[in-house]
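First up is the structure itself, then whatever we jot down about it.
Quick note: numbers below take in every heavy atom, side chains included, and nothing from hydrogens, waters or symmetry partners. Source: prediction; values computed, not measured.
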Amino acid sequence: MSIADIKKTFEQKAARSIDAFKSELQKIRTGRAHPGILDQVHVEYYGSMVSISQVANVSLLDARTISVQPWEKGMGPKIEKAIRESDLGLNPSSQGELLRVPMPALNEERRRDLTKVVRGAGEDARIAVRNLRRDANDQAKKLLKDKAISEDDERRSLDEVQKLTDRAIAEIDRLVQSKEAEILAV
């Protein structure tokens, strides 16, 4: 393993951590409808649990309403029950085979709670990036110990990994700020 390999591995894992954080942020409801909100809701379908998007067409009717159109006639009540029982706080209404899922307006207390959730998820993402930094630095120190690189190369590697860490954490901070602004603006 070389310094370039350490940097490349760090960059890839940091990018994956940021992507995972972005998908986590999408699950946090802001009062606006988004079809991805229902991705975490699972419904029983022929004995196995599958996400709603695998048994129905999930789309937006307007900015505050999600429509769920089951592909099979008997799935409507099951999907409605799964949405009600999820921890999303949504209350779907049935109109024939179409389910309408209105997004309730957020009150001030719920907005503050959501910003705390966003900050907590952001801190978890920052911790993940810092752990990646620690692993990369340990690998560089191991190369130095094995006399595969010089002390200058090791110091340069530590500096480069720190710069990459700072960049990743700045991206996470930017995502946290934009999500908080989105929550408080709705």
Side-chain angles (χ1 to χ4, degrees), residues 11-129 132 167-186:
E11 287 174 328
Q12 291 171 344
K13 288 182 178 180
R16 275 188 263 151
S17 293
I18 291 172
D19 289 343
F21 178 59
K22 286 179 183 176
S23 68
E24 186 72 26
L25 286 181
Q26 286 181 342
K27 295 176 186 173
I28 297 174
R29 187 169 56 87
T30 61
R32 275 186 270 165
H34 184 277
I37 291 172
L38 297 178
D39 286 347
Q40 65 193 24
V41 179
H42 288 75
V43 64
E44 185 182 344
Y45 183 66
Y46 291 108
S48 62
M49 298 303 282
V50 297
S51 69
I52 289 180
S53 61
Q54 293 179 336
V55 295
N57 185 23
V58 180
S59 60
L60 296 179
L61 289 177
D62 56 51
R64 299 186 69 85
T65 310
I66 299 173
S67 72
V68 181
Q69 179 73 46
W71 294 328
E72 293 182 17
K73 289 206 183 266
M75 289 302 295
K78 290 181 181 180
I79 293 173
E80 185 176 0
K81 182 179 180 204
I83 293 171
R84 278 188 211 285
E85 292 176 352
S86 71
D87 61 348
L88 297 174
L90 300 175
N91 191 18
S93 63
S94 177
Q95 294 180 332
E97 282 298 308
L98 178 72
L99 291 173
R100 294 173 57 95
V101 185
M103 301 300 290
L106 296 175
N107 60 16
E108 194 61 35
E109 180 181 339
R110 181 70 179 140
R111 288 175 200 232
R112 281 195 298 273
D113 290 345
L114 286 176
T115 58
K116 288 178 187 174
V117 169
V118 168
R119 287 185 190 131
E123 186 57 32
D124 291 344
R126 284 192 283 282
I127 289 170
V129 170
L132 293 173
R167 203 173 309 138
I169 288 178
E171 174 68 10
I172 291 169
D173 290 342
R174 186 190 64 76
L175 290 169
V176 167
Q177 288 176 345
S178 68
K179 189 66 171 187
E180 285 180 350
E182 183 181 334
I183 290 170
L184 295 175
V186 175

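Residues Leu132 and Ser17 meet the side-chain proximity criterion, which asks for heavy atoms closer than 4.5 Å. Side-chain atoms of Leu90 and Val41, non-hydrogen and from C-beta on, never get closer than 4.5 Å to each other.
A distance of 6.5 Å separates CD1 of Ile66 from CG of Leu60, quoted to the nearest 0.5 Å. For the atom pair Leu184 CG and Thr115 OG1, the distance stands at 6.0 Å (nearest 0.5 Å). One finds the CD1 atom of Ile172 at 13.5 Å from the CZ atom of Arg167 (value rounded to the nearest 0.5 Å). Considering CD1 of Ile169 and CD1 of Ile18, their distance stands at 9.5 Å, rounded to 0.5 Å. To the nearest 0.5 Å, atoms CE (Met75) and CG (Leu99) are separated by 10.5 Å.
Partners of Glu171 according to the salt bridge (Lys or Arg N to Asp or Glu O under 4.0 Å) rule, which considers only residues two or more places apart in sequence or in another chain, are Arg174. Residues satisfying the side chain to side chain contact (heavy atoms under 4.5 Å, CB included) criterion with Glu44, sequence neighbours excluded, are Met49. Glu97 is linked by a side-chain hydrogen bond (donor to acceptor under 3.5 Å, both in side chains) to nothing, counting only residues two or more places apart in sequence or in another chain. Listed by chain and residue number, Ile28 satisfy the side chain to side chain contact (heavy atoms under 4.5 Å, CB included) test with Val117 (two or more places apart in sequence, or in another chain). Applying the salt bridge (Lys or Arg N to Asp or Glu O under 4.0 Å) test to Lys81 and every residue at least two apart in sequence or in another chain returns Glu85. Every side chain to side chain contact (heavy atoms under 4.5 Å, CB included) that Arg16 has, sequence neighbours left out, goes to Gln12, Lys13. Checked against side-chain hydrogen bond (donor to acceptor under 3.5 Å, both in side chains), Glu80 has the following partners two or more places apart in sequence or in another chain: Arg84. Legend: residues meeting side-chain hydrogen bond (donor to acceptor under 3.5 Å, both in side chains) with Asp62, ordered by chain and number and at least two apart, are Thr65. In terms of the side chain to side chain contact (heavy atoms under 4.5 Å, CB included) criterion, residue partners of Ser93 (sequence neighbours excluded) are, by chain and number, Arg100. In this view, Ser59 and Ser67 satisfy the side-chain hydrogen bond (donor to acceptor under 3.5 Å, both in side chains) rule, not counting sequence neighbours.
Here the shortest heavy-atom pairing between Gln69 and Leu98 reads OE1-CD1, 3.5 Å. Taking each heavy atom of Ser23 and Ala20 in turn, the nearest pair found is OG-O, 2.8 Å. When all heavy atoms of Val176 and Gly122 are compared, the closest pair comes out as CG2-CA, 3.8 Å.
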Listing, residues 50-58 side-chain donor-acceptor contacts under 3.5 Å, not counting sequence neighbours, or none:
from	atom 1	to	atom 2	distance (Å)
Ser51	OG	Ser53	OG	3.2

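Listed by first and then second residue, the salt bridge (Lys or Arg N to Asp or Glu O under 4.0 Å) pairs that reach into residues 115-129 are Arg119-Glu180, Glu123-Arg126, Glu123-Arg130, Arg126-Asp173, sequence neighbours excluded.
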